[in-house]
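I have placed the structure first, in the form of structure tokens, so that the comments after it can refer back to it.
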Amino acid sequence: MSDLVTESFVDGASVGSAETYPNIDPSTGAVLGDVARAGGGEIDQAVTAARRASRGWRASTPEQRSDLLAALAGLIDREVETLARLESEDSGKPLSQARNDTRVCARYFRFYSRVIESYYGLSIPLRPDLHVYTRREPLGVAGGIVAWNYPMQLFGRGVAPAIATGNAVVLKPADETPRTAVYLARLATEAGLPPGVINVVTGLGPEAGAALAAHPGIDHLSFVGSTEVGRLIAGAAAQRVVPVTLELGGKSAHLVFGDANVERAATVIANAILQNAGQTCSAGSRVLADERVHDELLQRIADRFATVSIGPGVTDPDLGPLVSRRQQDRVRGYVESATEAAIVCGGTVAEPDGITGGAYFTPTLIDGVDPNAKIAREEIFGPVLTVTTFAAEDEAIALANGTDYALMGAVWTTDLARAHRVAAQIDGGQVYVNTYGAGGGVELPFGGFRKSGYGREKGVEALDAYTATKTVVVQL
Ligand code: NAD
């Protein structure tokens, strides 16, 4: 196969597939190369390799694993330019954001290399004649299926805690963004990780993804993607009684109260939705504006949107394309559905520098959005902010919690009591006060309530997902 084919990386070596599919550059519509379209056979090969590797890996010491994770972090930092360019080409994200994602990926491996050495069991003082202690034991083979929006961050977030705790991994990257995952798996081998500890199988969701979710050799599943597919993954896990972590969509709200620092709120809210062209599960895509600051807030956001540069990810603009033409159609459809609302700015596809094959969409601000409208309830996953006005705190909280999703939220206020009171009432796995961290926070437990999923990734807490407690009772 030629260099332009991205192949799976299994047991320390490249593995081709009989068929391929094209990898499209969303900045131009050009074909970047082909991707091996793996199926059940390659998944089986990867799970078998992971099973074998997990036996030796689980017997290694935390110190040995820590050293190897740290070595991999160093190699990722060394390769920042190469990895960032691959990520930017595959996903369309601006180069500086792709560089940041590379560093965050390295940070996951460094963070878990540090915490694994102080991840302990308990000693339980049950009776003087009994010695009782707990061990956190790895589950075996962890299967991961991830989305295309932050491929390297999602790789670090899933793979690092899984292998730190002594599991081996089989990862299926998103169809659109396979290249950095394969590159990272190769770097892991260079760092000295034993073959088979990290395996990456490329392919399409309903083929390679479904085969991985249904494989009887998987002991844990983690999924990052849509609620619709998450349901299928949870079903497959239930059939074989394996634990699953679901990180699904979001429709997170910014609650901007009348006493907020509006200038700061506008800047942070605008930048958070511009990041990765709004294709962030934790994007704060709904603005709930106190009627007292509504006009100023919208003016400031619109002013920021007016300055945005749009272009191919590798030219490092403020805003790159969406991940695909399909996603562009989807975003356009949502905006067109908002017939009752007022488009303050944007709302159109774009063709920067006359590029007709790209998947660009202008930064869009929509005011007067009915909280029951489709655009206020469903995830758009584009650079689109909807605005709904409120008059009272209770009303703002009800609006914030008024969708099926419950991933994140932000409270903008200078009233300390209100900040804590409202933070406690927002349904979501993370709440920010006078700041916002779309997609950020290696150290911070992250995950949803309701249709945003269950389980927590990131932080020390993620180690618990990849281990099970064994209690040992010894009669003295
Ligand atoms: P998607 O659900 O279509 O795909 C996600 C992954 O699942 C891909 O790897 C895909 O190949 C695979 N897949 C698709 N069909 C499958 C099947 N039948 N069986 C097994 N695997 C299958 O989602 P998407 O459109 O790629 O990603 C966008 C979604 O991901 C958004 O809803 C976004 O909010 C969510 N997301 C959530 C988080 C989070 O942490 N909560 C992070 C990033 C993205």
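Ligands are counted one by one from 1 in listed order, and the atoms in each one are counted from 1 as well.
Under a 3.5 Å cut-off, the side chain of E378 and the backbone N or O of I375 do not form any donor-acceptor pair. D219 places no side-chain N or O within 3.5 Å of a backbone atom of A142 that could act as its donor or acceptor partner.
Here the OG1 atom belonging to T180 is positioned 7.0 Å from the CG atom belonging to L86, to the nearest 0.5 angstrom.
A cation-pi geometry, defined here as NZ or CZ lying under 6.0 Å from the six-membered ring centre and within 45° of its normal, holds between R456 and F449. Note that K93 lies in the cation-pi zone of Y150, set by a 6.0 Å cut-off to the ring centre and a 45° limit from the axis.
Taking 4.5 Å as the limit, every side-chain heavy atom of Y108 sits out of range of all side-chain heavy atoms of V159.
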Write none if no such pair exists; otherwise list each N/O atom of ligand 1 with its protein N/O partner under 3.5 Å and the distance.
from: ligand 1; atom 1: 2 (O); to: S226; atom 2: N; distance (Å): 2.8
from: ligand 1; atom 1: 2 (O); to: S226; atom 2: OG; distance (Å): 2.6
from: ligand 1; atom 1: 9 (O); to: V146; atom 2: O; distance (Å): 2.7
from: ligand 1; atom 1: 9 (O); to: K172; atom 2: NZ; distance (Å): 3.3
from: ligand 1; atom 1: 11 (O); to: K172; atom 2: NZ; distance (Å): 2.7
from: ligand 1; atom 1: 11 (O); to: D175; atom 2: OD1; distance (Å): 2.5
from: ligand 1; atom 1: 11 (O); to: G205; atom 2: N; distance (Å): 3.3
from: ligand 1; atom 1: 19 (N); to: G205; atom 2: O; distance (Å): 3.4
from: ligand 1; atom 1: 21 (N); to: G205; atom 2: O; distance (Å): 3.4
from: ligand 1; atom 1: 23 (O); to: S226; atom 2: N; distance (Å): 3.4
from: ligand 1; atom 1: 25 (O); to: W148; atom 2: NE1; distance (Å): 3.4
from: ligand 1; atom 1: 26 (O); to: W148; atom 2: NE1; distance (Å): 2.7
from: ligand 1; atom 1: 30 (O); to: G225; atom 2: O; distance (Å): 3.3
from: ligand 1; atom 1: 32 (O); to: E379; atom 2: OE1; distance (Å): 2.6
from: ligand 1; atom 1: 34 (O); to: E379; atom 2: OE1; distance (Å): 3.2
from: ligand 1; atom 1: 34 (O); to: E379; atom 2: OE2; distance (Å): 2.6
from: ligand 1; atom 1: 40 (O); to: R157; atom 2: NH2; distance (Å): 2.5
from: ligand 1; atom 1: 41 (N); to: L248; atom 2: N; distance (Å): 3.4
from: ligand 1; atom 1: 41 (N); to: L248; atom 2: O; distance (Å): 2.7

